[in-house]
Trainee: 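Dropping the structure in here first, questions after.
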Amino acid sequence: MTLARTWSVGLVGVRGALVEVELDIAQGLPGVALVGLPDAVVRQSVDRVRAAVVNAGGEFPNRRITIGLSPASMPKQGSGFDLALAAAVLAAAGTVPRRSIERLVLLGELGLDGSVRPIRGVLPAVLAAAGAGHPQVIVPSANADEAALVAGIEVLAVESLGQLVEHLSRRAVLPAHVRGSVPEPPPTADLRDVVGQAVGRRAVEVAAAGGHHLFLAGPPGAGKTMLAERLPGLLPPLDEQAALEVTAIHSIAGTLASEAPLLTRPPFEAPHHSATMAALVGGGSGQIRPGALCRAHRGVLFLDECPEFPRAVLDTLRQPLERGEVTISRASGSATFPCRAQLVLAANPCPCAGAAGDPACTCSALERRRYQSRLSGPLLDRIDLRVDLPPVTRAAWLDGLGEPESTAVVAARVQAARAAAAQRLAGTGLTLNSQVPGRLLRGPFAVPRPALRLAERALERGALSVRGFDRVQRVAWTVADLAGRTVPGPDDVAEALGMRLQRAAA
């Protein structure tokens, strides 16, 4: 009996889990038994490994082979185990020393010609390997820059199985991969392009400063999409931890560009209104993958023409928006993804997209109400800012009323407001006003009662729910931070209440 061991990594949500690969060659009828809850892709890896080993100049043992993937109770999915299986076969057959792979972590898919192809989820896999104390990881060359983002582990890049054999046999040792500099992200759209719409520009600034959800309504051409697309440019760049977290999600989803291994800017996701529930939140029949909401983590999720989305799909956002994470359960297991994103909704006033009072609009009042009622009340109650955008006037478009502020100018105010909020919330584990729970709003971060009279009257007459009352206080704190005030006053609460109830009065 000949036994060889090595390591690979399986993915569970956004985290990696170490998988021990054991291969035993024994007497008996030739055949390969693969155990440890492999899916169809992992089971087919036996055929890929056999062809790759032979085409790389090795010999696949024609004996009874048993391959165990441990822990056996964890489902194994994807083609990332190919390289580890091939290394175990070569070590058990004596082609390479068995000791050379005992602490080695191998990731990669094999082509039939022995080439090593890139895979998804390399960053969380290498993070798991480094956390478990493994000294080295071997990855495909196309994934090397992504793997090298992780400190404390040596990354070796291979392009073919033959190259791996040469390294393990000590005939041509692979050098440690050194990651190049992270390229600068492309420039974002500038807020200076938005003409007029002072109310919309103010709402986007407040949303960026406090991390608030936003609903923009107005006729076509009012600037809803332009404002939403410029919101990520107002957000501060991602810090190191946040950048790794966001990059890991996009690596698992397969949306990480090879030329940009690290995402340093808040992501922007804008799915089409035909997106399914799985596409928006996450899921899949095989491997559970993150949806648009999860890919927008620490960024912006923009749903244009939101009444055209199925109501059931939109309502699935309610709980994830509150918790900041989503758990997707399937018969084979469950996966949890972070999804602390800012939601921006945009809608036309009616099915024909005409403004109120427009003679070209043929929609009745009933049709307008039916169209707007496609957004459920509980979902809208979780939106802090609701703004109506009027049509852009001729004077603002052609004559101009002065050059609008650029993204850089507004982003500086946003950064200062976020710094003030972070300083005030120090010690609570919170950084944004939108994250402050109700108990703190009624405790150390309570808005003075005299300033809340307008909001209290709105609560008494039923225009505000208790949740809405708390959200008005959070927005009031953000407005005060933007103005440089240490405590919100009546004017701050009035502005917050106006941006909350504008759609309700429309």
Trainee: Hey, are the side chains of Ile67 and Phe81 touching, using non-hydrogen atoms and a 4.5 Å cut-off?
Mentor: no
Trainee: Counting only N and O atoms by type, is there a donor-acceptor contact under 3.5 Å from the side chain of Arg382 to the main-chain atoms of Glu322?
Mentor: no
Trainee: So, does Gln342 use its side chain to make a donor-acceptor pair with the main chain of Ala207 at under 3.5 Å?
Mentor: yes
Trainee: Which pairs, with at least one residue in residues 238-247 and sequence neighbours excluded, count as a salt bridge (charged side-chain N to carboxylate O under 4.0 Å, His left out)?
Mentor: Glu245-Arg298
Trainee: Without swapping roles, check the side chain of Arg311 against the backbone of Ser373 for a donor-acceptor pair under 3.5 Å.
Mentor: yes
Trainee: Given the rule in the salt bridge (charged side-chain N to carboxylate O under 4.0 Å, His left out) test, do Asp470 and Arg467 qualify, once you have shown the distances and angles that lead to the verdict?
Mentor: CA-CA 5 Å; Asp470 286 345; Arg467 181 191 286 121; over 6 Å; no
Trainee: Under a 4.5 Å cut-off applied to non-hydrogen side-chain atoms, are Leu123 and Leu256 in contact?
Mentor: no
Trainee: State the NZ-CZ distance between Lys224 and Phe215, to the nearest 0.5 angstrom.
Mentor: 9.5 Å
Trainee: Listed by chain and number, what are the side chain to side chain donor-acceptor pair (under 3.5 Å) partners of Gln415, not counting sequence neighbours?
Mentor: none
Trainee: Keeping the roles fixed (side chain from Ser251, backbone from Thr247), state whether a donor-acceptor pair exists under 3.5 Å.
Mentor: no
Trainee: Going by atom types only, do Ser79 and Glu109 share a side-chain donor-acceptor pair under 3.5 Å?
Mentor: yes
Trainee: Does any N or O in the side chain of Lys76 come within less than 3.5 Å of the main-chain N or O of Arg43, such that one atom is a donor and the other an acceptor?
Mentor: no
Trainee: For the residue pair Leu83 and Leu107, establish whether any side-chain heavy-atom pair is separated by less than 4.5 Å.
Mentor: no
Trainee: ring-ring contact (aromatic ring centres under 6.0 Å, His included) with His134: which residues, sequence neighbours excluded?
Mentor: Trp7
Trainee: Is it the case that His250 and Thr255 place a side-chain donor and acceptor less than 3.5 Å from each other?
Mentor: yes
Trainee: How long is the gap from CD1 on Ile138 to CG on Leu104, to the nearest 0.5 Å?
Mentor: 4.0 Å
Trainee: Assess whether side chain to side chain contact (heavy atoms under 4.5 Å, CB included) is satisfied between Phe337 and Ile288, documenting all intermediate values.
Mentor: CA-CA 10 Å; Phe337 299 100; Ile288 301 175; 3.8 Å; yes
Trainee: Is there a donor-acceptor pair under 3.5 Å between the side chain of His297 and the backbone N or O of Arg340?
Mentor: yes
Trainee: Taking Asp82 for the side chain and Gly108 for the main chain, is one N or O donor matched with an acceptor at less than 3.5 Å?
Mentor: no
Trainee: Any donor-acceptor pair under 3.5 Å linking the side chain of Ser169 with the backbone of Arg171?
Mentor: no
Trainee: Going by the salt bridge (charged side-chain N to carboxylate O under 4.0 Å, His left out) test, name the single residue among Arg474, Arg418, Arg424 that passes it with Asp481.
Mentor: Arg424
Trainee: Hey, which of Leu23, Leu85, Thr95, Val49 is the one that makes side-chain contact (heavy atoms from CB on, under 4.5 Å) with Leu90?
Mentor: Thr95
Trainee: Is there side-chain contact between Leu106 and Ser8, with at least one heavy-atom pair below 4.5 Å?
Mentor: no
Trainee: Using a 3.5 Å distance criterion without hydrogens, assess whether the side chain of Trp477 forms a donor-acceptor pair with backbone atoms of Val436.
Mentor: no
Trainee: Does a salt bridge link Arg5 with Glu22, judged by any charged N lying under 4.0 Å from a carboxylate O?
Mentor: yes
